Structure formats: C-alpha cells, structure tokens
Protein chains: 2
Amino acid sequence: MNGWLVVAGLGPGAEALVTPEVAAALAEATDIVGYIPYVARVAPRPGLTLHPSDNRVEVERATHALEMAAEGRRVAVVSSGDPGVFAMASALFEALEVRPDLAATDIRVLPGITAMLAAAAAAGAPLGHDFCAINLSDNLKPWPLIEKRLRLATEADLAMAFYNPRSRSRPEGFAKVLDLLRETCGPDRLITFARAVSTPEERIETVTLGDATADMADMRTVVLVGNSATRRVGRWVYTPRSAP
Amino acid sequence: MNGWLVVAGLGPGAEALVTPEVAAALAEATDIVGYIPYVARVAPRPGLTLHPSDNRVEVERATHALEMAAEGRRVAVVSSGDPGVFAMASALFEALEVRPDLAATDIRVLPGITAMLAAAAAAGAPLGHDFCAINLSDNLKPWPLIEKRLRLATEADLAMAFYNPRSRSRPEGFAKVLDLLRETCGPDRLITFARAVSTPEERIETVTLGDATADMADMRTVVLVGNSATRRVGRWVYTPRSAP
C-alpha cells in the first residue's frame, strides 16, 4: 500500500463549505493531523487515528505527517480555511526542506474556502477590488514590518484582510493597528469584523474606523478594511470594481 | 413563492471544488445568470432557464437577476472562482445601488475557491506569507495605478497574485508588468504561471522572472509572484511563514 499526504483546507466552519475533494480525502485517510480544534471537526470512525496537537508546533506536526506517509499511511493534515493562507501548507514544505529523505512523498495540497473570502461574502463584497491579506501576528515577523506593510498597502489604496488580529501574547498590537489606520485612512473608512464566519456563532459587524475598538476582534475574528471607495448599500458593504 | 438571488462561486473548474452550499443553491434555482462559459458549467434540467450573457455587461446582468428575483424567481448569478474576487458580487451591489426599489431582495453571496488559491495549492504554497491580489486588467482602472500598486507591493515584499494578466485589448500590458517586476524584484524572483487550474488543461509552470515571458500567460492564467524568500523544494514552490 502506498502512503500519501494531503494538506486539506476545511473551510471556515460550516460543513456546506467543505469541498467534495477534501471530504473524499478525509474519507480515505487513515490519519488526521492538525491543531486540536481543527482535528475535532473530523468525525471519528473505525480505522481512523486522530493526532491532535497544540498550536506553534507546526513543523514538528508536518514532519510527523511526512513520516507516517512514508510508512504507507494515508495522512490528512487539516487546516481551517485554506491551507495555503497562514496555515499548514508552508509549514509542510519547511519540514520537507530539512528532510530530503522524505522528498518522494506523494503530496497534494487541497484548497479550501479561506476565512477572508467567507467573511467578505457574508458582508457583501468588500474585497471586490485589489486587496491584500496580512497576518497581524508578530510571532513570525517583527512588528515594524507589519507597520511598514500597513502603510504601503494604504498608500496603494488596497482593501485589506487581517488574519490573527488579536492574540493573547500581544493584546495591544491590534489597537496600534487601528490607530495607524485611522491616521492613514481617516476615520470614515469602513472596517468589518467577521467572527466565526459560517458557524452558529457568526457575527458580522461593519463600522467606521472612527468607531472601531480593539475589543471588536478576538482570536476567531477576521478583519476586513475597505479601500477609499468602499461603501454601504442597504445592509451590505462593498468595494466597486472601478478604481476610486 | 418568494424569490431569491444568490451570487455563487463555481470554483476554478473541477466539480470536486464546488462547495455543497453552491451545489444546493444551483439545484434549487429556477434561473442561472452569468458570463457564457460559466453558465455552460451548470447542467441543464427541466424547470431551469439559462441566461448566458457576454463579458462586460456585468451591471446589466446583475440588474436583470435582481428583477427576476423580485418577480419571485430563484436566481443564481454564477461566477468562476469566488464571486467576491474580481467577479460578480461587486457588480451586483453596484446594480443594487442604482435600483433602491430592489433593496428588499433576498440576497446571499456564496463563496467559492478562487483561482489564486487553487493555483497556489497546485504549485505548493507560494502565498504562504502576506500577499496581495491585483487585477491587471486596465478596463476599470488606469495603467499608472496598476504600476503604482505593483511598486508598493514590491516594496512591502508581499507575494502577489495577478488576475487577468493578458487581454486581447492590451496584449502589451503584461510585458510591461514583467519588466517592472524584473527591475524591482531582480531576475531571480520566482513566478508561477497557472493555467486552467483543476481542469484537464491544467498547466503549472514556475520560472524565474529572468526567464519569464509575456506569452507564458493567457486569459485562462493566474500568475503568482513570490516574495523575496519564496523558494523551491523538490517540485514545489513555497513561501516560508516567517518574514525574510
């Protein structure tokens, strides 16, 4: 039996947003590897071993998955959203880079609905023109680089999606982001806080930067900031296709 | 019978990448509205009327869809990929803005797998760190703005995804983009051309900017450019999670 490894995106939460491709891979897998809450989204069944692990051990987790696939297991490394967006796919290739002995592994990356696009759909179309996706966690990059990117993205008048706006380790970071954006974009720019999109706890809230406060985001929130033309129509928020 | 309107993302091409949510909406729809090749992806059945239309009539198409929903029809406006990324969702809200009489329409935007994320998954994880998505078509924005955004995105060291890299109306534009990127990123930066992702015609090709030529992209290609740390591991290309 030949082993394989898939890095599968489970989407933002709802079963109806899991692609058939991912569902089929999970049904054939012998082992599920991932962060505890994501592994918990896969239903247990006979013959399936669950390997939940804690946050911040992504490369160790990926190495373990590669080793199991090399032993002939069918391994699904699961991520929330899309595995290529601030998730496990890069960690897998980082692990592969230091373990060339595992280079022959049959690997596939299976895309998923990433949080920012589910959030945008729930809010309307705030990412309907050029946009960027920035991870606000400073675990893996220095704070000044985050600030530099925010300033350049604002100068480019890109809409923005922020992942990991708040973490326990630096609760003050997101307040600084809001201050910077108020300075560069002005107080009237629209900002959408999308929490737990597509789950029963979903909450979508759009306010102006002037009214935004850091506690509107938590670890389950993705934040969308419009460009200078983003506006409301009825209960929706959208960014026109044409440049401002 | 109450009408409704969904703006549904069909994903990049493969049936296995259509979400169950979208499949369910298409099964309940009475009318399918969209650009000719996307409407052609929906199987005809009794009771379903197909309304294919040409490119560049997005707002007219959206208005027609809103009018049908107001008359009690169940209308699916279909887009390739994700409807919120350079697709029909923004056009729908533009139409709604000029037709407040249709504001009560029951509207939902259903996300899909957008081309850049399917392309990234096929190539590895080139968008695994902060990135931007830029539509290179200058139908809806002036060329100098595209150039400005490319320069700022490069300065921010964002990975980049380009939609609509080449069009019949300005075949020279993409060659100018490559020249600009060679100047700002240097010749060794990796660039991935992903054509017809997830279809039988899929072709994924990664080269350096020094070796890239404009004819590597056509209208079915999405282009991904790495950041300064993007590299190859085996047959894959990926961007590490840590900042360079």
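Letters A, B, ... are given to chains in the order of the sequence lines, protein chains preceding strands, and every chain is numbered from 1. It should be emphasised that the depicted structure is a prediction, and the values quoted were computed from it without experimental measurement.
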Side chain, backbone, both or neither of [X] within contact of chain A (heavy atoms, under 4.5 Å):
X	value
B:I113	both
B:M88	neither
B:N139	neither

Check B:S90 against A:G128 and note the closest heavy-atom contact, atom names and distance.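 Taking B:S90 first and A:G128 second, the nearest heavy atoms are OG-CA, 3.3 Å.
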
Among [options], single out the residue with the greatest number of heavy-atom pairs under 4.5 Å to chain B.
options	value
A:P240, A:G112, A:G124, A:A120	A:G124
A:K148, A:E155, A:R151	A:E155
A:E21, A:R232, A:R241	A:R241
A:L110, A:T114, A:L127	A:L127

Which is it for A:F131 and B:I134 under the side chain to side chain contact (heavy atoms under 4.5 Å, CB included) test, yes or no, and what are the steps along the way? CA-CA 7 Å; A:F131 67 95; B:I134 295 180; over 6 Å; no

Can you pull out the residues in residues 13-20 of chain B with any heavy atom less than 4.5 Å from chain A?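 The stretch touches chain A at B:E15, B:A16, B:L17, B:V18, B:T19, B:P20.
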
Find out whether B:L158 and A:R149 are in side-chain contact, i.e. whether some heavy atom of one side chain is under 4.5 Å from a heavy atom of the other.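 Result yes, sub-4.5 Å side-chain heavy-atom pair found.
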
Counting C-beta onward and ignoring hydrogens, is there a side-chain heavy-atom pair between B:V237 and A:F93 closer than 4.5 Å?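 Contact flag for B:V237/A:F93 side chains = no.
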
I need the contact set between residues 77-87 of chain A and chain B: heavy-atom distance under 4.5 Å, sorted by residue number.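 Within residues 77-87 of chain A, the residues under 4.5 Å from chain B are A:D82, A:G84, A:V85, A:F86, A:A87.
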
Based on non-hydrogen pairs under 4.5 Å, which of [options] is most in contact with chain A?
options	result
B:A23, B:A125, B:P100	B:A125
B:A133, B:A153, B:G234	B:A133
B:I107, B:V109, B:D130	B:D130

Tell me, with the steps shown, if B:E94 and A:Y238 meet side chain to side chain donor-acceptor pair (under 3.5 Å). CA-CA 8 Å; B:E94 289 173 34; A:Y238 89 101; 5.2 Å; no

